[in-house]
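Every chain is numbered from 1 and lettered A, B, ... according to where its sequence line falls, protein lines coming before strand lines.
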Protein chains: 2
Amino acid sequence: MLKEERHRFILNEVGIHNRVLLTDIASLLDVSVDTIRRDIKELHNSKLLKKVHGGAISLGFNNYNPIGKTVYSLEEKSRIAEKGISLIKEGQVILLSGGTTNLELAKRLPSKFKLTCFTPSLPIAVQLLTKSNIEVIFIGGRLSKDSQIAIGGSAINMLSEIKVDICFLGTNSIHPVEGLTEFDWEIVQMKKAMIHSSRKVVSPCISEKIGSLQRFKICGVEEIDVLITELEPWDVKLDAFKNMNIQLL
Amino acid sequence: MLKEERHRFILNEVGIHNRVLLTDIASLLDVSVDTIRRDIKELHNSKLLKKVHGGAISLGFNNYNPIGKTVYSLEEKSRIAEKGISLIKEGQVILLSGGTTNLELAKRLPSKFKLTCFTPSLPIAVQLLTKSNIEVIFIGGRLSKDSQIAIGGSAINMLSEIKVDICFLGTNSIHPVEGLTEFDWEIVQMKKAMIHSSRKVVSPCISEKIGSLQRFKICGVEEIDVLITELEPWDVKLDAFKNMNIQLL
DNA sequence: CCTATTTTTGCATTATATTGCTGTAATAAG
DNA sequence: CTTATTACAGCAATATAATGCAAAAATAGG
């Protein structure tokens, strides 16, 4: 059995049961406890679950405890968010997908002028509701426990009925050849619909996600109008994007 | 059971009841009192609750105030919520409107069996997302800043496409002759749509709202199937409702 | 196809964490 | 003041984590 398979299995179990025991997984997959321990350590480091004594537990939020929510790259995310905000003009209609970068962006949206803001993300909606100058429209649908965004047909339907000025598309993986990819199929569908509903697509993306690859494809890089990263313009990681028709910030 | 799980459980209990007894938790989770004591000490050190002699209390609890009307009506709301929950059966599909009473109800929804839960209320959705046994579907739409629920055509559209087993309709004013009334026109529209989408309408309603009247009418009393209040059955305030076809709890 | 190199895995060992129990001190309540 | 309950410290039993190492498997280069 491949390591990747085990990782998926573990994440799946955590997704379903919110917790797993080291020993259970080991016997289910018929490998040693050490192996699973190492797997969980890796997943923990990738912030996909929380390693605890005896097993692992979902990051899934619980109102009260800010477990492991120490956002590493908060600083970079802030800078990216600020850049993103500079693209917004008074009175525009914007669409925010989920993700922590977009949440940072939402927090920083200006209170100077009116905006209309669509989002399928619960935390972002909560954040935006505190701002009196922003009209918030929630894209409804079935809520995904881990990503905390609405997914499914109903949400995609609602997206199909709108056309916004700018979409800020939180991005898990962007690759110069393969384009944007995602781990979760339902989220792929959502993101496709979001791109379709937007005149301009902006992808705020911290550098560690550039060049990575996941299972499902959302779209090619050519669908993205603006890529915002914290990297310096001459960084080698960006070379591959340079002769495409993408604005780099 | 993992330590982290106990921690979450305790925090959850504290969140709901504002206080917990060491011994209760210990017997509920079937571990020794010492273990829970140590758990609570850790949570206390992380400033997630306040350790007190014999148990723990929520951090905000003291701030609320000792003479507290808030706490008083919270207690009643809890009782009403518990009653409401007793109406729910395994696997049902329910619809929760907004309001603090429904939020209390959402917090207390059982984790024993699967449920599907529609709601246009942001705080309720946030609450429900923490429960792994409940599928949450958010009724999307423009979010009202003060009531924090989705309103407007899009939300009403989405409501028109569903039919649920029970609707818990948070109620601002109920009057034996005039029926249910509301202050806000948009919310009236939402509630009308919710009633229309439900086989059974339950109105959890603390007594101070009985007999009061607001500007716009939602529906007559006859549309309500069950009225839950904290009043005793012989209370004079309820007389007017008695010869109607309403179940009083 | 074969071999060198790297990665992955399981096992043994040692270190650490968790838990319940004991006895004793502290605290609340009458 | 007395009594019952709760808190705490220390201890032992058990479970889990970390580490180093060797065998097995995968990978890369020729």
Side-chain angles (χ1 to χ4, degrees), chain A residues 1-14 17-60 62 64-68 70 173 175 177-178 183 208 211-215, chain B residues 1-14 17-59 61-62 64 66-68 71:
Chain A
M1 171 166 241
L2 299 173
K3 187 165 75 160
E4 188 72 19
E5 286 183 273
R6 288 198 312 272
H7 285 193
R8 299 242 164 120
F9 182 85
I10 294 169
L11 286 175
N12 202 39
E13 285 294 301
V14 170
H17 302 111
N18 277 318
R19 60 156 255 217
V20 294
L21 299 183
L22 217 48
T23 48
D24 286 356
I25 301 286
S27 72
L28 277 170
L29 299 186
D30 200 35
V31 291
S32 78
V33 186
D34 299 74
T35 302
I36 302 300
R37 200 196 309 289
R38 281 184 275 239
D39 286 339
I40 286 181
K41 194 188 279 182
E42 277 187 52
L43 294 170
H44 176 93
N45 291 336
S46 327
K47 307 235 183 302
L48 295 169
L49 47 68
K50 185 181 181 192
K51 182 168 95 68
V52 297
H53 193 98
I57 196 158
S58 82
L59 295 175
N62 199 327
Y64 307 99
N65 56 345
I67 36 155
T70 26
S173 304
H175 186 282
V177 178
E178 301 293 336
F183 175 74
E208 65 187 25
S212 72
L213 210 56
Q214 308 251 8
R215 184 192 269 271
Chain B
M1 173 167 240
L2 298 170
K3 187 168 74 162
E4 186 81 17
E5 284 184 274
R6 288 197 313 270
H7 285 191
R8 292 193 182 180
F9 181 86
I10 293 169
L11 287 173
N12 208 35
E13 285 294 302
V14 170
H17 301 111
N18 279 319
R19 52 155 252 194
V20 293
L21 298 183
L22 217 46
T23 48
D24 286 355
I25 302 284
S27 72
L28 276 170
L29 299 185
D30 200 36
V31 291
S32 78
V33 183
D34 297 76
T35 301
I36 302 300
R37 199 196 310 289
R38 282 185 270 238
D39 285 339
I40 286 182
K41 193 188 278 183
E42 277 188 53
L43 294 169
H44 176 93
N45 291 337
S46 323
K47 307 235 184 299
L48 295 169
L49 47 66
K50 185 175 180 193
K51 184 167 90 69
V52 295
H53 194 94
I57 59 174
S58 113
L59 287 178
F61 194 67
N62 280 335
Y64 271 171
I67 32 171
V71 176

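Identified under the salt bridge (Lys or Arg N to Asp or Glu O under 4.0 Å) test for residues 19-41 of chain B, with sequence neighbours left out: B:Arg6-B:Asp39.
Within a heavy-atom distance below 4.0 Å of DNA chain C, the residues of residues 19-34 of chain B found are B:Val31, B:Ser32, B:Asp34.
Distance CD1 (A:Ile36) to C1' (D:dA18): 17 Å, rounded to an integer number of Å. Taking atom CD1 of A:Ile57 as the reference point, atom P of D:dT16 lies 15 Å away to the nearest angstrom. When the C1' atom of D:dT16 is taken as reference, atom CD of B:Glu4 falls 16 Å away, rounded to whole Å. Distance B:His44 NE2 to D:dA7 P: 13 Å, rounded to the nearest Å. As rounded to whole Å, 11 Å separates atom C1' of C:dA17 from atom CD of B:Glu42. Straight-line distance from the NZ atom of B:Lys3 to the C1' atom of D:dA17: 14 Å, rounded to whole Å. Look at CG on B:Asp39: it is 10 Å from C1' on C:dT19, rounded to the nearest Å.
With sequence neighbours left out, A:Leu11 forms a side-chain contact (heavy atoms from CB on, under 4.5 Å) with A:Leu43, A:Leu48, A:Leu49. Under the side-chain hydrogen bond (donor to acceptor under 3.5 Å, both in side chains) criterion, A:Thr35 pairs with A:Ser32, sequence neighbours left out. In terms of the salt bridge (Lys or Arg N to Asp or Glu O under 4.0 Å) criterion, residue partners of B:Lys3 (sequence neighbours excluded) are, by chain and number, B:Glu42. Looking at residues two or more places apart in sequence or on another chain, you find a salt bridge (Lys or Arg N to Asp or Glu O under 4.0 Å) between A:Glu4 and A:Arg8.
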Measure all distances between protein nitrogen or oxygen atoms and nitrogen or oxygen atoms of nucleotides 21-26 of chain D, and list the pairs falling under 3.5 Å.
none

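Distances shorter than 4.0 Å separate none of the side-chain N or O atoms of A:Arg37 from OP1 or OP2 on C:dG10. Between D:dT6 and B:Lys41, no contact under 4.0 Å exists linking OP1 or OP2 to a side-chain N or O.
Looking at the side chain of A:Lys51, the nearest of the listed nucleotides C:dT9, D:dC8, D:dA18 is D:dA18. Of the listed nucleotides (D:dT16, C:dG10, C:dT27), D:dT16 has the atom at the smallest distance from the side chain of A:His53.
Side-chain contact between B:Met1 and B:Val31 is absent, with no heavy-atom pair separated by less than 4.5 Å.
Distance check, rounded to the nearest 0.5 Å: CG of A:Leu22 to CD1 of A:Ile40 gives 5.0 Å. Between the CG atom in A:Leu28 and the CD1 atom in A:Ile10 there is a gap of 10.5 Å [rounded to 0.5 Å]. Separating the CG atom in A:Asn12 from the CD atom in A:Glu5 is a distance of 12.5 Å, to the nearest 0.5 Å.
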